J.: 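Before I ask anything, let me first share the structure, which is written out below as structure tokens.
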Amino acid sequence: MITSAGILLYRRSGAGLDVWIGHMGGPFWARKDTHAWSIPKGEYLEGEEPLAAALREFGEEMGSPAPDAEYSLLGTFRQSSKKSITVFAAEAGFAPDRIYSNTFALEWPPGSGKVREYPEIDDAGWFPESVARTKLVKGQVQVLDALMRSLGGPAAGI
């Protein structure tokens, strides 16, 4: 199974709770918005500490280090039959000057022989939790559910 680790930042706002998510880069996602966003995450190797991997991946995908905050384990979530993600959450402000993600190489269009570099994340920002539910890839909505449970949900005045 492929294992990833990620960071879900949140902040309290007048409207409730906002979360920090990123739009996936590359031509497949270029014109998509609904279910085309992800928490900052990446794969890690067996034996590697998941929080260390999550912090590293956040920095690589955002171009800025993750904020100094108290991170708590939300859990490990199955994304598909072959992937799982371990997610850590923290309440923190985060306002980078710009998003500068690492890149990946992809032949595009397929079969063209033209290999180009694309950013892993091409945009990121704060979104109300209810909006993030429609933006996140479907397999990550369960992470928002876990965050809301850990914070006591809407009844807690979030």
Side-chain angles (χ1 to χ4, degrees), residues 2-44 48-80 83-104 117-158:
I2 298 171
T3 55
S4 294
I7 298 286
L8 180 59
L9 297 179
Y10 65 92
R11 67 181 185 190
R12 296 167 201 271
S13 68
L17 194 75
D18 296 335
V19 294
W20 179 267
I21 57 177
H23 185 266
M24 293 183 280
F28 179 80
W29 302 103
R31 291 180 180 84
K32 295 180 170 106
D33 187 60
T34 302
H35 303 301
W37 294 67
S38 175
I39 67 168
K41 62 167 182 45
E43 293 178 20
Y44 67 97
E48 186 177 8
E49 176 61 39
L51 179 56
L55 293 168
R56 178 193 70 236
E57 291 294 329
F58 187 99
E60 289 178 1
E61 291 191 349
M62 295 299 116
S64 300
D68 185 20
E70 190 173 320
Y71 291 91
S72 61
L73 176 64
L74 270 184
T76 299
F77 307 88
R78 180 163 267 180
Q79 301 294 279
S80 68
K83 291 184 178 182
S84 69
I85 179 172
T86 300
V87 179
F88 298 87
E91 183 171 9
F94 184 68
D97 293 332
R98 66 186 181 121
I99 303 302
Y100 186 78
S101 179
N102 54 346
T103 61
F104 65 95
E117 292 284 322
Y118 296 96
E120 285 192 36
I121 297 291
D122 60 19
D123 191 14
W126 290 105
F127 294 94
E129 178 265 340
S130 60
V131 172
R133 288 181 177 278
T134 64
K135 289 187 175 292
L136 279 173
V137 292
K138 291 179 182 178
Q140 291 181 14
V141 172
Q142 62 186 322
V143 176
L144 292 178
D145 294 338
L147 176 65
M148 296 306 288
R149 281 192 306 274
S150 78
L151 297 175
I158 294 172

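This chain uses plain numbering: 1 for the first residue, then up along the sequence. Here the structure is a predicted model, which means the values were calculated and not measured.
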J.: To the nearest 0.5 Å, what is the distance between CG on L73 and CG on L51?
T.: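 Answer rounded to 0.5 Å: 9.0 Å.
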J.: Should the pair H23 and W37 be assigned to parallel (<30°), tilted (30 to 60°) or perpendicular (>60°) ring geometry?
T.: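 Perpendicular: the ring planes of H23 and W37 meet at over 60°.
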J.: Looking at residues at least two apart in the chain, or sitting in another chain, which of them share a side chain to side chain donor-acceptor pair (under 3.5 Å) with Q140?
T.: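 Partners of Q140 under the side chain to side chain donor-acceptor pair (under 3.5 Å) test: S38.
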J.: Quick check: closest heavy atoms across I21 and I39, and the distance to 0.1 Å?
T.: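 Closest approach of I21 to I39, heavy atoms only: CG2-CG2, 4.3 Å.
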J.: Would you indicate whether the side-chain heavy atoms of M24 and D122 approach each other to under 4.5 Å?
T.: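 Answer no - side chains too far apart.
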J.: Is there a donor-acceptor contact under 3.5 Å from the side chain of K32 to the main chain of F28?
T.: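 Present.
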J.: How far does CD of E61 sit from CD1 of I7, to the nearest 0.5 angstrom?
T.: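 Spacing of CD (E61) from CD1 (I7) equals 11.0 Å.
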J.: When rounded to the nearest 0.5 angstrom, what is the spacing between CG in L144 and NZ in K135?
T.: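 Reported value, rounded in 0.5 Å steps: 13.0 Å.
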J.: Looking at A54 and F88, what are the two nearest heavy atoms and their distance?
T.: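 Heavy atoms only, the tightest pair is CB-CD1, 4.1 Å.
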J.: I need the F127 CZ to L17 CG distance, nearest 0.5 Å.
T.: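 Atom-to-atom, F127:CZ and L17:CG are 14.0 Å apart.
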J.: On a heavy-atom basis, which atom in W20 and which in A124 lie closest, and how many Å separate them?
T.: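 Where W20 meets A124 most closely, the heavy atoms are CZ2-CB, 3.6 Å.
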J.: Tell me, do V137 and W29 make a side-chain contact under 4.5 Å, heavy atoms counted?
T.: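 Heavy-atom side-chain distance check passes, below 4.5 Å.
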J.: Do L151 and Y10 pass the side chain to side chain contact (heavy atoms under 4.5 Å, CB included) test, and can you show the C-alpha distance, the side-chain angles, and the key distance before you say yes or no?
T.: CA-CA 11 Å; L151 297 175; Y10 65 92; 3.5 Å; yes
J.: Can you tell me how far CZ of F58 sits from CG of L8, rounded to the nearest 0.5 angstrom?
T.: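 It is 10.0 Å, given to the nearest 0.5 Å.
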J.: Do you know the tightest heavy-atom contact between A5 and A53?
T.: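 Result for this residue pair: CB-CB, 4.3 Å.
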J.: Could you tell me if the side chain of P40 sits less than 4.5 Å from the side chain of E57, heavy atoms only?
T.: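 Result no, sub-4.5 Å side-chain heavy-atom pair not found.
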J.: Which heavy atom in L55 sits nearest to a heavy atom in A66, and how many Å separate them?
T.: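 In this case the closest contact between L55 and A66 is CD2-CB, 3.7 Å.
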J.: Just how far is it from atom OG of S150 to atom CG of L74, taken to the nearest 0.5 Å?
T.: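 Rounded to the nearest 0.5 Å, the OG-CG separation comes out at 5.0 Å.
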J.: Show your reasoning for whether side chain to side chain contact (heavy atoms under 4.5 Å, CB included) applies to E43 and T3.
T.: CA-CA 6 Å; E43 293 178 20; T3 55; over 6 Å; no
J.: Please lay out, stage by stage, how K138 and H35 fare under the test side chain to side chain contact (heavy atoms under 4.5 Å, CB included).
T.: CA-CA 6 Å; K138 291 179 182 178; H35 303 301; 3.7 Å; yes
J.: Among pairs that include at least one residue of residues 124-133, which meet salt bridge (Lys or Arg N to Asp or Glu O under 4.0 Å), considering only residues two or more places apart or in two chains?
T.: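 Residue pairs passing salt bridge (Lys or Arg N to Asp or Glu O under 4.0 Å), neighbours aside: E129-R133, R133-D145.
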J.: Just so I know, are the side chains of P50 and Y44 near enough to count as touching, which here means a heavy-atom distance under 4.5 Å?
T.: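 Side chain of P50 against side chain of Y44, heavy atoms only: contact under 4.5 Å found.
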J.: Let me check something: any side-chain donor-acceptor pairs from residues 89-102 under 3.5 Å, sequence neighbours excluded? List them with distances.
T.:
unit_1 : atom_1 : unit_2 : atom_2 : d
E91    : OE1    : R12    : NE     : 3.4
E91    : OE2    : R12    : NE     : 3.1
S101   : OG     : E120   : N      : 3.3
S101   : OG     : I121   : N      : 3.1
N102   : ND2    : E60    : OE1    : 3.4
N102   : ND2    : E120   : OE2    : 3.1

J.: Testing the basics here: between P119 and F104, what is the closest heavy-atom pair and its distance to 0.1 Å?
T.: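 Shortest heavy-atom contact: O-CE2, 3.5 Å.
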J.: Output yes when E48 and R56 qualify as a salt bridge under the 4.0 Å nitrogen-oxygen rule, no when they do not.
T.: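 Yes, charged N to carboxylate O under 4.0 Å.
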J.: Would you say T76 and T86 are linked by a side-chain donor-acceptor pair, where the criterion is simply a distance under 3.5 Å?
T.: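 Indeed, the side chains of T86 and T76 share at least one donor-acceptor pair under 3.5 Å.
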J.: For T103 and Y118, what are the C-alpha separation, side-chain angles and deciding distance, and is it a side chain to side chain contact (heavy atoms under 4.5 Å, CB included)?
T.: CA-CA 5 Å; T103 61; Y118 296 96; 6.0 Å; no
